[in-house]
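Residues take their numbers from the sequence shown, with the count starting at 1.
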Amino acid sequence: MNKVSHAIVKLRIPIMNKVSHAIVKLRIPIFILALVLVFPAAISYSRTKVNYDMLSYLPQDIDTMKGQNIMVDEFGSGAFSEIIVEGMTDKQVSSLKSKVEKVDHVKTVLWYDSLFGSSIPMNMLPDDIYDKFNNGDATMLFVIYDDTSAADTTTMACREIRALCDVNCFVAGITPVLIDTQKLADQEAPVYVMLAVIFATIILMISMDSFLVPFLFLASIGMAIIYNLGTNFILGSISYVTKALAAVLQLGVTMDYSIFLWHSYEEQLDNGLEREEAMAQAISATFSSVVGSSVTTIAGFIALCFMSYTLGMDLGLCMSKGVLFGVICCVTVLPSMVLIFDPILQKTRHRALIPEFNGLGKWVLKRFPVFLIIFFMLVIPGIYGNNHVQVYYNLDRTLPDSLPSIIANKKQEEDFDMGTTDMLMLDAKTPSKDVQKLADEIKGVDGVNYVIGIDTVKGAGIPDSMIPDDLMDSLQNENWKVLLVGSAYQVASDEVNAQCDTIKALAKDVDANSMLVGEAPATYDLIKTTNRDIIMVNSVSIGIIFVIIALVFRSISLPIILVAVIEGGIMINMGVPYYMGSSIPFIASIVIGTIQLGSTVDYAILETTRYLRERRINNQSKYEAVRIAVRTSSKSIFVSALSFFAATFGVGLYSNIDLISVICIMMARGAAS
């Protein structure tokens, strides 16, 4: 029995025997109950809100998030989009503006007539004002919503605006990107599961000795996945990343539990036990070993909960639950199905196509210096590649260029030299002359295209009586003044980050409590937050697993060796994109190391446990102990890792969302390494 089990699972054998025999006896009621519970879990899952806004997981105490909340609470606005219109007359554009203004949850629409009134022809406007809204035959309108970018009301309004626009209209901004992300993710998510199931089934049918048993494995794990996804309802919402990855990841990391139960059951049958007694003994052995190994996997996911960027907690809690449900179903639902369908199982038996690894241990021993040299030769460039790989934070890059929102954003950039629009919030008591001076200074900052506010409009010689009420309400109240700042730079670029720092510094000289909010400053905060989180998550995951291994084996050297080997594999995996000339999304740089450490440390523990058993109990030499450990553990490790690889690799190749694709490819490569 695995030594991890003795150290972690403090259950008496007689109690386990009673529980396992009860499971065997109640197998039909357990199976029926498992099927019945699928329906409420599925309904709960369908009603779980999915969050597609990655910026909403930023800490709520930073200025960008506090400012966004103030905009919603005090101005009744928190998001905006840009409509680029081509080939329309001023009258047609004005008509479209009127229609958009009538859409529910659109607070106001800004165009040149919002500033000067429609009585003034556009061609009579000053050049700097005219260029804000026009380029050739293209003109631009600003749509301000009454809620945040990802709110249901905002996305509904944006969809209606899209419906009002014809082929010559393009709706740009965060909300359209979120809408397209949702549509694409919802279309692809079922395919992810289908691909994972198909590829995992192929691997299991090759490696197992029954054509039916892989389907029982998948049915049991499938129920655990549905239970896990259904209970996400209690979390309030989950991210689309969690929704897309949870099923595939849970399938990959819990498959070896089912494999262990089946092998243990077959071993008991080979010892001459009747099938019910054999299954009872297999459940006892599996429960102890699986709980022991699952602790390290859960520890890896729990480490994600220490992130200040709360997407980590979202994924960490979901996957920790998933592992627990996987263990429960493995020792209750799967044994019940195996016994119920045993007659069919016996008729579908065949010889496993994957050979035994009897000679592998001896072969490795003869060449272990070569393997050590190769390992270090790969780790050193792996560390360098990991430290220098390009990480991107602009979530637009995760989507195909053919999506309407991406086309619109590029159109906005090309036609108006505009990458993003942000809002600078100032105290309402700030004198108008100071605001005008600040606006002029901001206009001089590299990459700033325009600055629009009530005081800048007044500065253009427009009296208060001519300023439309909806514009006044959108940009000023009794507590705050708001300046719209347009930038030519792209979100998450070094240039826009430097621009944000400069604008904040200028604003703080005027108002110490000023806040710059919007996609660019929020993404800049995302960069700073997740850079700290990477160090935190890696430290916590390594620390927790180090302590677990140290307690299990009562050794300091063994956890150092095991964690070092696994971390070396992680460095190699993370360094590959650098040498391939590709970049990775920021989420991958945070979660891959933790997931790979938590899911593959079980392999190291399995082999180390067998090595120590041969050394301490069977008094074998270290070389012989290594040979036996490699020989006896290799097939289980190979099948488990190959199943994990199969469950993620196909999804990585298929997904059109780069974030999902990259994470799955890296998880597949991590399983192989």
Side-chain angles (χ1 to χ4, degrees), residues 55 58-59 61-71 74-75 77-80 82 110 128-129 131-132 140 142 144 149 172-174 393-394 396 409 412-413 416-460 474-477 479-529 531:
L55 296 178
L58 284 167
D61 58 350
I62 61 177
D63 281 352
T64 48
M65 302 309 290
K66 290 192 293 186
Q68 177 179 280
N69 293 333
I70 291 172
M71 289 297 297
E74 297 193 20
F75 286 89
S77 62
F80 51 88
E82 296 82 23
L110 301 181
D128 61 333
I129 299 295
D131 292 341
K132 290 181 177 69
M140 182 166 57
F142 290 89
I144 300 178
S149 301
I174 303 176
Y393 295 82
N394 188 347
D396 291 8
N409 287 346
Q412 180 185 35
E413 180 184 358
F416 294 91
D417 191 28
M418 190 170 122
T420 182
T421 301
D422 300 311
M423 293 171 284
L424 179 62
M425 302 176 62
L426 301 168
D427 192 306
K429 297 178 182 178
T430 307
S432 294
K433 62 174 182 158
D434 292 343
V435 176
Q436 292 176 26
K437 180 182 177 182
L438 173 62
D440 291 337
E441 291 176 341
I442 293 175
K443 288 177 185 178
V445 175
D446 288 345
V448 173
N449 284 341
Y450 61 82
V451 180
I452 297 176
I454 297 300
D455 291 316
T456 66
V457 173
K458 291 178 180 178
S474 298
L475 298 180
Q476 187 168 311
N477 67 8
N479 297 318
W480 297 95
K481 294 181 177 181
V482 177
L483 296 176
L484 296 178
V485 181
S487 172
Y489 297 142
Q490 289 298 299
V491 171
S493 63
D494 293 338
E495 293 83 3
V496 83
N497 293 340
Q499 185 186 83
C500 287
D501 282 335
T502 303
I503 294 173
K504 288 178 184 178
L506 292 172
K508 293 294 183 183
D509 289 340
V510 175
D511 176 14
N513 296 317
S514 62
M515 291 179 283
L516 184 65
V517 301
E519 185 180 10
T523 304
Y524 189 20
D525 284 334
L526 174 66
I527 295 172
K528 292 183 286 187
T529 300
N531 283 342

- Query: Any side-chain heavy atom of V482 sitting closer than 4.5 Å to one from M71?
  - Reply: yes
- Kindly indicate, with the supporting measurements, whether the criterion side chain to side chain contact (heavy atoms under 4.5 Å, CB included) is fulfilled by L424 and I442. CA-CA 11 Å; L424 179 62; I442 293 175; 3.6 Å; yes
- For D417, all residues meeting side-chain hydrogen bond (donor to acceptor under 3.5 Å, both in side chains), sequence neighbours excluded: none
- Item | Within-4.5 Å side-chain heavy-atom neighbours: Y450 and M418 | yes
- Task: For the residue pair N513 and D427, establish whether any side-chain heavy-atom pair is separated by less than 4.5 Å.
- Result: no
- Message: Once rounded to the nearest 0.5 Å, what's the spacing between atom CG of L55 and atom OG of S149?
- Response: 8.0 Å
- Task: Return the minimal non-hydrogen interatomic distance between A522 and L58, and the atom names on each side.
- Result: O-CD1, 3.3 Å
- Query: Do L483 and M423 have side chains that get closer than 4.5 Å, going by heavy atoms?
  - Reply: no
- Message: Can you list everything that forms a side-chain hydrogen bond (donor to acceptor under 3.5 Å, both in side chains) with D511? Sequence neighbours excluded, please.
- Response: none
- Task: May I ask you to test the T421-F142 pair for a side-chain heavy-atom distance under 4.5 Å?
- Result: yes
- Which atoms form the tightest heavy-atom contact between G419 and Q490, and what is the distance? CA-NE2, 3.5 Å
- Message: Measuring only between side-chain heavy atoms, which start at C-beta, is Q499 closer than 4.5 Å to T502?
- Response: no
- Is the closest side-chain heavy-atom distance between L484 and L110 below 4.5 Å? yes
- Message: My understanding is that only residues two or more places apart in sequence, or in another chain, count here; which of them pass side-chain contact (heavy atoms from CB on, under 4.5 Å) with N497?
- Response: Y524, I527
- Item | Given V491, T523, I174, the one that forms side chain to side chain contact (heavy atoms under 4.5 Å, CB included) with T420 | V491
- Grab the two heavy atoms, one from D63 and one from S514, that are nearest each other, plus how far apart they are. OD2-O, 4.2 Å
- Task: Check the pair E495, S487 against side chain to side chain contact (heavy atoms under 4.5 Å, CB included), reporting the backbone distance first and the verdict last.
- Result: CA-CA 10 Å; E495 293 83 3; S487 172; over 6 Å; no
- Nearest 0.5 Å please: distance from the CG atom of L506 over to the CG atom of L516. 11.0 Å
- side-chain hydrogen bond (donor to acceptor under 3.5 Å, both in side chains) involving E74 - partner list, sequence neighbours excluded: N477, N479
- Looking only at heavy atoms, the pair that brings Y393 and N531 closest together is OH-OD1, 3.1 Å
- Message: My understanding is that only residues two or more places apart in sequence, or in another chain, count here; which of them pass side-chain contact (heavy atoms from CB on, under 4.5 Å) with V510?
- Response: T430, D434, L438
- Query: Any side-chain heavy-atom pair from D525 and K528 closer than 4.5 angstrom?
  - Reply: yes
- Query: How far apart are the C-alpha atoms of M515 and I70, what are their side-chain angles, what is the distance that settles it, and do they pass the side chain to side chain contact (heavy atoms under 4.5 Å, CB included) test?
  - Reply: CA-CA 10 Å; M515 291 179 283; I70 291 172; 3.5 Å; yes
- Under the salt bridge (Lys or Arg N to Asp or Glu O under 4.0 Å) test, residues paired with K437 that sit two or more places apart: none
- Item | Least distance between heavy atoms, N409 atom then G173 atom | OD1-N, 3.0 Å
- Task: Verify side chain to side chain contact (heavy atoms under 4.5 Å, CB included) between N69 and K66, making sure each step is shown before the conclusion.
- Result: CA-CA 5 Å; N69 293 333; K66 290 192 293 186; 5.5 Å; no
- Considering non-hydrogen atoms only, spot the tightest contact between Q412 and A172 and give its length. OE1-CB, 3.7 Å
